[in-house]
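So that the names make sense, note that chain A is the first sequence line, chain B the second, and so on, each numbered from 1.
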There are 2 protein chains.
Amino acid sequence: MSLATDAADKPTLYKRIRADIEKRILTGEWPPGHRIPFEHELVARYGCSRMTVNKALSELAQADLIERRRRAGSFVRRPQHQSAVLKIADIRAEISALGRAYGYELISRKLRAATTADRDRLGVKKAGKVVAITCRHSADNVPFAAEDRLIDLSSVPDAATADFSREPPGSWLLHHVPWTEAEHTISAIVADDRTAEALDIAVGAPCLVIDRYTWRSARTITAVRLLYPGDSHRLVARFKGG
Amino acid sequence: MSLATDAADKPTLYKRIRADIEKRILTGEWPPGHRIPFEHELVARYGCSRMTVNKALSELAQADLIERRRRAGSFVRRPQHQSAVLKIADIRAEISALGRAYGYELISRKLRAATTADRDRLGVKKAGKVVAITCRHSADNVPFAAEDRLIDLSSVPDAATADFSREPPGSWLLHHVPWTEAEHTISAIVADDRTAEALDIAVGAPCLVIDRYTWRSARTITAVRLLYPGDSHRLVARFKGG
DNA sequence: TTGACTTATATGTCTAGACATATAATCGTG
DNA sequence: CACGATTATATGTCTAGACATATAAGTCAA
C-alpha cells in the first residue's frame, strides 16, 4: 500500500516525509481543509528532529499544497487547478531552440511625444516621450511574428538612442532592464490587410495575439503586441502540481 | 547602500539574506554565471549560522535564481524565458465570477471503443473505452465556449455512468479525480460551420482554442478542446517575479 | 451576551555543532 | 600526455536544543 512508488533509491528523510504527505493529498486521502498532523506528531512518527519535519512542511507550503497557521496547524489547501505555468520565451531564443534561423527586420521606429492613445496603452498619466516600433521576426525566412511596441522613455531613456535596426527591442530591453513584472493577455483575431501582409498570410487567417504589458515597481516600461499566425504557433502551459 | 528598501518592518535574517542576494541578481550586479559567495563567507558576513544562510540559498535555488553545485559553489542562473502564471478558471466559476448566469447544454455523449483517432488524442496505446462529449457553456444565454471532450474510461470508469446532461464534465471530473497534471496548448483558428453554429458567431470569425490534456501519474484522464469566440474572450497571464 | 484579557500551543526562526556526498583539483602512474 | 586514484571542499542533510510570535481557546468582568 504505502510502498514507495516514486522513490529513486534512497531519498532523504525530509523528501520522504514531503512525498508521503503529498501523496495523501494528491490521492484525496487528505482532502482540502484537512488538518495534517502537527509537527511534533510527525517528529514522533518519523523519529526525527523538528527541523527535518519543518523543512518538508515548509516546502509543501511554498508549493501551495498546504497552508500553515500558527497555533492552528497545517491544512490541505483547495487545489488550484486553474493555474498553469505559461512559458513565453524570447522570440529569438524560441526560434533558435527550434533549430531554425532567426531573422529580424525593423519596419518602423518613431520617437514622439506620447499621444493620448499611447498613454492609454502604457497606462501612464503624465505626458512624456515614447518610442513606437513595429518590426518582424522570422524563422528560416518565413514570417514568424509581427511586433508592435511602445517604450516609455521616461522609464527607459536609453531606448531613445538604442539601435533597433539590428537588435530586436525585446532582446535589447531584456539586456537593459534587468527585471520586470509583466502581464500577458492572449486573444485571437483574424488578420487584417496590414497583418496579413506582415505575416505573409491570407487576409482573414487566424492570428494568436499576445499583449504584454511590462513594468517595474509600478513604473511602466513597455507595451507590446505580438501577432502570430494562428495555425503555426502554439503556446504551451504546463500545470504545476507541486 | 544596503538600506532595506522592501523591508516591511523587521524581516527575518534569512529573508534579508535572500533579498540582498536577489537584489544583486535582479539589478545585474551579479550577472548570470557569477559565483555568489560561499555559505561560509555569508556566515561570516551576516554573523549567523550556516543553516540560516543555507535556508536563504535553498529558496533561491528553488526559485531557479541560482544553481548550486557541490564543491563548486552557487551560481547565478541564466535568465529563464519569461514564465508567467496563467489562470485558466473552471468555466462555470469564471462566468459566475463575472456575475453572469451560467448555462450548460449537453450536445452529444457517446460511449465507444477508442478509435485510432481517440487513442492518438489521448496519447494511450492500449485499446479501451472512451466517452466522447460535446457540450456548450453560455453566459446570460449567450454562447461562451464550445467543448469537445474525450474521457478515458480505463482511468475514470465512473465516467461511463455519470450524468453529464446536468453537470458539465469538467466540474464532474474535478470532483471525481482529485488531483491532476495538465498541459494546455493555446492557439487560434477561424470558426468553421459547426463551430460558428455552436458559438453563434459568423463563419470565419476568430476563435481562441485551448487544448487541455490531463493526466495523473502518467495515466491519461481526459483531453478537451475549448473554443471561445476570439473577440470576447481573453486569457490573462501574470508574470511571477520571485 | 459581549468584549477584553490571559494562556496555551503550533509554527517561525535560529544556533552550533555533526556526518554524508558529490565533485573540482591535485597527484601519480603508465 | 592521458588517465585513474586521491584529496580537499562546498553543499546536503540532520540534530537537539532555544526563544519569538501569532492566535485559538479559555476566562472573567461589564
### Summary
Within residues 34-49 of chain A, the residues having a heavy atom closer than 4.0 Å to DNA chain C are A/Phe38, A/Glu39, A/His40
### Query
Starting at CZ of B/Arg68 and ending at P of D/dA10, how long is that distance when rounded to a whole Å?
12 Å
### Message
Regarding A/Glu39 and A/Arg68, does a basic nitrogen lie under 4.0 Å from an acidic carboxylate oxygen?
### Response
yes
### Message
Can you list everything that forms a side-chain hydrogen bond (donor to acceptor under 3.5 Å, both in side chains) with A/Arg70? Sequence neighbours excluded, please.
### Response
none
### Task
Could you tell me the separation between the CZ atom of B/Arg18 and the P atom of C/dC14, rounded to a whole number of Å?
12 Å
Listing, residues 92-99 of chain B side-chain donor-acceptor contacts under 3.5 Å, not counting sequence neighbours, or none:
| from | atom 1 | to | atom 2 | distance (Å) |
| --- | --- | --- | --- | --- |
| B/Ser96 | OG | B/Arg92 | O | 2.9 |

### Query
What nucleic acid atoms does B/Ser74 come within less than 4.0 Å of, heavy atoms only: base, sugar-phosphate, or nothing?
sugar-phosphate
### Query
What are the two closest heavy atoms between A/Ala160 and A/Leu153, and how far apart are they?
N-CD2, 3.4 Å
### Length of the NZ-P vector between B/Lys55 and D/dT11, whole Å
18 Å
### Message
Students often get this wrong, so: under 4.0 angstrom with heavy atoms, is A/Leu13 touching a base, only sugar-phosphate, or nothing?
### Response
sugar-phosphate
### Message
Without decimals, in angstroms, what is the distance between B/Gln62 CD and D/dT11 P?
### Response
17 Å
### Query
For the pair made of OH in A/Tyr14 and C1' in D/dT11, what is the distance, rounded to whole Å?
12 Å
### Query
So A/Tyr104 and A/His137, would you call those rings parallel, tilted or perpendicular, with 30° and 60° as cut-offs?
tilted
### Query
Starting at CD1 of B/Ile66 and ending at P of D/dA10, how long is that distance when rounded to a whole Å?
15 Å
### Task
Among the candidates D/dG12, C/dC14, C/dT11, find the nucleotide nearest to the side-chain atoms of B/Asn54.
D/dG12
### Message
Test of understanding: with ring pair (Phe, Tyr, Trp, His ring centres under 6.0 Å), list the residues that count as partners of B/Trp172, not counting sequence neighbours.
### Response
B/Phe164, B/His176
### Task
Quick one, give me the B/S/- string for nucleotides 17-28 of chain C, reading 5' to 3', where B means a protein heavy atom under 4.0 Å from the base and S means that only happens at the primed atoms, P, OP1 or OP2.
-B--BSBBS---
### Query
Taking only side-chain nitrogens and oxygens of A/Lys15, does any of them come within less than 4.0 Å of OP1 or OP2 of D/dG12?
no
### Query
Between atom CZ in B/Arg16 and atom C1' in C/dG12, what is the gap in whole Å?
17 Å
### Query
Are B/Arg69 and B/Ser74 close enough that a side-chain donor and a side-chain acceptor fall under 3.5 Å?
no
### Summary
For A/Arg136, the salt bridge (charged side-chain N to carboxylate O under 4.0 Å, His left out) test, sequence neighbours excluded, returns A/Glu105
### Task
Anything under 30° is parallel, anything over 60° is perpendicular, the rest tilted; go ahead and classify A/Trp30 against A/His34.
parallel
